[in-house]
Amino acid sequence: MEPIKKFTGKTIHLPHTDVDTDQIIPARYLKVTDKKGLGEVVFYDWRYDADGNPNPEFLLNKPHAQGATILVAGHNFGCGSSREHAPWALQGFGFQAIVSTQFADIFRNNSLKNGLLPIVVDKATHEQLLDLAVEDPDLQLEVDLETQTLTLPDGRRVEFPIDSFSKECLLNGVDELGYLMRQTGAIEEYERKNKK
Amino acid sequence: MTPRTLFEKIWDAHVVSQAEGAPAILYIDLQLVHEVTSPQAFTELRNRGIKVRRPDRTVATVDHSIPTYDRSLPIQDALAAKQLDIMYANARDFDIRIYDRMSDKQGIVHVIGPELGLTQPGMTIVCGDSHTSTHGAFGTLAFGIGTSEVAMVLATQTLLQRKPKTMNVRVEGTLANGVTAKDIILALIAKIGVDGGTGHAVEYSGSAIRAQTMEGRMTICNMSIEGGARAGMIAPDETTFNYVAGREFAPRGAEWDAAVARWKQLPTDDGAQYDAIVELDANALEPMITYGNNPGMGIPITARVPDPDALGDVHQKAALRKALQYMDLQPGKSLLGHPVNVVFIGSCTNSRIGDLRLAANVMKGKRVAENVRVLVVPGSQQVKRQAEQEGLDKIFREAGAEWREAGCSMCIAMNSDQLEPGQYCVSTSNRNFEGRQGKGGRTFLASPMTAVATAIHGVVTDPRSILS
Ligand code: SF4
């Protein structure tokens, strides 16, 4: 995993609440056996009509959305299925961070494991960000993971929470599988003691 | 000793280590694997030259993308066929037990685990599938994980986990005739919302839960994730032990006695505290049905579709408006009498033998309405055989329903079992998200009884109207 520290990115908004992972990537695109090309099918059924033509009304098809790296999403983003294809597809489109008032548990975990930063803000800040994104199609936000802050264009800084372990992993690009592999001694000991 | 909940007892017994500020390293007793969320995990192991640590604690099957037509016919979908081949190759190369498409024990992963006796009280169970919560019905801590985590468990039999909070859902009372386990869970999700359980492990208790069969309990735990909770659990009791006893992987003889003695220690101690408590009155429940595009958008079947204008929160209002537009429904109207094109009886929520018996009982001697396609998809090959021995398949076939091979089928529409755009379906599955049963398809979630009543009349029907 690439370390994340600080980045500034074009920010777009998708205000719908309870966006489920079936919308982020419909199940029929889960027949892949690698992670390639998923950015092309992210939000497929909202992005393309029945004939496969782009729906010009949908956010990701708008000119200003191209090159966006931060998505301000509605409450409870990523609910439903555990498919990790959802963060893979969002990253495939170019997103590096998602901002919401709450993420579904599994989506949040999956995102952290792939270096897609889930940023939780309070309701008032969230509303403000949505308004800003409406007013300014070229909204840029700065994300600083080290200081856990989001900087708005007017210079205002908003802090966001993240647990220290996840933060360390993201900042240093720690590979959790490698971390667990190094615990083999403790795991063997547990298995022996508990007759597993 | 401080009184502990069922969840806390299982959690404590599985913590390998817990460093300050870091998540716990949690031991996993059983990992179930399927074709859709595992290929990239095995690739990760191959790339790093790692073996599966405990093939004996890993069991695979194929369910999501397989067709449910005659098993002797080849798979037409090349991508699905390739995914199955990769699953078989991974199982072979990593020495994992697999119930493949031709196996007489194949089935939906959450149906076969309990059916084979792999699922046992007190265990930690994971699968790359959010409905792993199903297994919690046996008093296990079972939850869905992503593919990166599938790789971690394959490699180390452990996971990094933060301890969730606990929630107790108490359901007291007696269900009226025509009201089932499915209605309990749909009513709960309508009450707490699709994010109500986020961050929590839910324990269901109360007389209405105790009165459920294991299958009813599985239906309830299955949909915990639809309320945002990763895990749902029910304390094991005689009903649980009787279900597990004698199954293929269940302990036997002296080992069985020792196991039951251990399992009896699992229920929550008197005085143990939960972080949240929710109560539901079973006496007041009616058959439930959903009208929108998340499982929280549900109402008693006699109620009316809510009006977005009556909602305060702008985002909730917008969500409801969007759902009603997608579903092409009017606020203030009842769903009763709404025409449907398809009825789907299946999925890890409602495809076990008990569900099929219930459905067949209502279907017996009747015909499904003209122009309604009815699919009955057993959850496993064992369920299918059992149903056939009991003649249930004949009841369904004679009524005009399709009797298919086991798999996820129209719950997820990864194979050719799909709704067409605009079609309405009453479904016993667990998700009514846009396009879940096929692009443009519209889902009403309900119980198997409601599904059969609707199949017979061709319009959404209160199952109580056809019960004698
Ligand atoms: S039946 Fe549906 S919900 Fe259950 S495992 Fe299969 S796809 Fe998932």
Side-chain angles (χ1 to χ4, degrees), chain A residues 15-18 20-23 26-28 30-35 44-46 50 74-76 79-88 102-114 127 130 163-166 168-169 176-181 183-184 186-187 189-191 194 196, chain B residues 13 16-17 21-23 25 27 29 36-37 39-40 43-44 48 50 53 64-65 77 79-80 82-83 86 128-130 144-149 151-152 155-160 162 164 194-195 198-199 225 228 230 294 296 315-316 318-319 322 412-414 421 431 433-436 439-440:
Chain A
H16 310 294
T17 57
D18 303 317
D20 57 80
T21 53
D22 272 84
Q23 305 317 311
R28 58 187 186 281
L30 307 185
K31 289 176 209 161
V32 293
T33 48
D34 52 33
K35 307 177 187 178
Y44 192 93
D45 287 351
W46 288 0
H75 184 74
N76 195 32
C79 61
S81 156
S82 61
R83 60 192 70 168
E84 197 162 319
H85 309 68
W88 296 337
Q102 183 183 295
F103 294 92
D105 289 333
I106 308 180
F107 177 81
R108 185 179 161 280
N109 274 346
N110 286 342
S111 296
L112 286 169
K113 298 222 164 24
N114 288 279
E127 293 295 339
L130 289 176
D163 68 88
S164 54
F165 184 82
S166 301
E168 278 308 303
C169 288
E176 285 189 23
L177 177 50
Y179 174 89
L180 281 173
M181 289 297 289
Q183 314 295 320
T184 306
I187 297 168
E189 169 83 5
Y190 174 90
E191 287 180 327
N194 293 279
K196 299 270 177 179
Chain B
V16 170
S17 69
I25 296 178
Y27 195 79
D29 292 320
V36 173
T37 56
Q40 298 86 349
T43 302
E44 190 71 37
R48 298 182 189 224
I50 304 175
R53 179 175 176 82
H64 282 66
S65 63
D77 179 340
L79 278 176
K82 182 179 166 210
Q83 204 169 43
I86 288 183
D129 189 284
S130 60
I145 55 177
T147 299
S148 298
E149 292 177 315
M152 291 176 204
T156 70
Q157 208 58 35
T158 64
L159 266 184
L160 283 163
R162 272 180 198 286
V194 286
D195 64 340
T198 303
I225 181 73
R230 286 179 76 186
N294 73 50
H315 298 297
Q316 295 289 344
K322 184 172 191 298
I412 191 163
M414 282 186 74
R431 287 185 173 144
F433 299 147
E434 286 180 30
R436 172 77 179 190
K439 186 168 177 165

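Note on naming: letters A, B, ... go to the chains in the order of the sequence lines (proteins, then strands), and numbering restarts at 1 for each one.
Interface check for chain B: of the options A:R83, A:E127, A:R108, the most heavy-atom pairs under 4.5 Å are formed by A:E127. Ranked by non-hydrogen atom pairs under 4.5 Å with chain B, the options A:S81, A:S164, A:P15, A:A104 are led by A:S81. The residue among B:L159, B:I412, B:T158, B:I86 with the most heavy atom pairs within less than 4.5 Å of chain A is B:T158. Heavy-atom pairs under 4.5 Å with chain A peak, among B:T43, B:L160, B:L79, at B:L160. Between chain B and the residues A:L177, A:T184, A:N110, the most heavy-atom pairs under 4.5 angstrom are made by A:L177. Most heavy-atom pairs under 4.5 Å with chain B, from the set A:D163, A:T21, A:T17, A:L180: that is A:L180. Interface check for chain A: of the options B:R48, B:E44, B:K82, B:H64, the most heavy-atom pairs under 4.5 Å are formed by B:R48. Top candidate by heavy-atom pairs under 4.5 Å with chain A, chosen from B:A13, B:A22, B:P23, is B:P23.
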inquiry  = Test salt bridge (charged side-chain N to carboxylate O under 4.0 Å, His left out) on B:D77 and A:R28; report intermediate values, then the result.
reply    = CA-CA 11 Å; B:D77 179 340; A:R28 58 187 186 281; over 6 Å; no

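If you measure heavy-atom distances from B:D195 to chain A, the contacts under 4.5 Å come from both the backbone and the side chain. Only the backbone of A:F103 comes within less than 4.5 Å of a heavy atom in chain B; its side chain stays farther off. For B:A80, the parts lying near chain A are the backbone and the side chain together; criterion is any non-hydrogen pair under 4.5 Å. When heavy atoms are compared at a cutoff of 4.5 Å, B:I50 approaches chain A solely by way of its side chain, counted from C-beta outward. For A:E189, no part lies near chain B; criterion is any non-hydrogen pair under 4.5 Å. The contact between B:I25 and chain A is made entirely by side chain atoms (from C-beta outward), counting heavy-atom distances below 4.5 Å. A:L130 touches chain B through its side chain: at least one heavy atom from C-beta onward sits under 4.5 Å away, while N, CA, C and O do not. Only the side chain of B:I225 comes within less than 4.5 Å of a heavy atom in chain A; its backbone stays farther off. Only the backbone of A:A50 comes within contact range of chain B, judged by heavy atoms closer than 4.5 Å. Contacts between A:Y190 and chain B at a heavy-atom distance below 4.5 Å involve the side chain alone, from C-beta outward. Proximity to chain B is absent for every atom of A:E168, based on heavy atoms less than 4.5 angstrom apart. Contact of A:D34 with chain B is made through the backbone alone, with heavy-atom distances under 4.5 Å.
Partners of B:T147 by side chain to side chain donor-acceptor pair (under 3.5 Å), not counting sequence neighbours: none found. For the side chain to side chain donor-acceptor pair (under 3.5 Å) test, residues two or more places apart in sequence or in another chain that qualify with A:D20 are A:Q23.
Contact annotation: the side chain of A:N114 approaches that of B:S148 to within less than 4.5 Å [non-hydrogen atoms, C-beta and beyond]. Two residues are said to be in side-chain contact when any heavy atoms from C-beta on lie closer than 4.5 Å; B:T156 and A:M181 meet this criterion. Residues B:Y27 and A:N194 have side chains not in contact (no heavy-atom distance under 4.5 Å, counting atoms from C-beta outward). Looking at heavy atoms from C-beta onward, B:I145 lies out of side-chain contact with B:M152 at the 4.5 angstrom threshold. The shortest side-chain heavy-atom distance between A:F107 and A:C79 does not fall under the 4.5 Å cut-off.
A side-chain donor from one of B:R431 and B:S130 sits under 3.5 Å from a side-chain acceptor of the other.
Between B:E434 and B:K322 a salt bridge is recorded (basic side-chain N to carboxylate O distance below 4.0 Å).
Nearest heavy-atom pair across B:R53 and B:A155 is CB-O, 3.3 Å.
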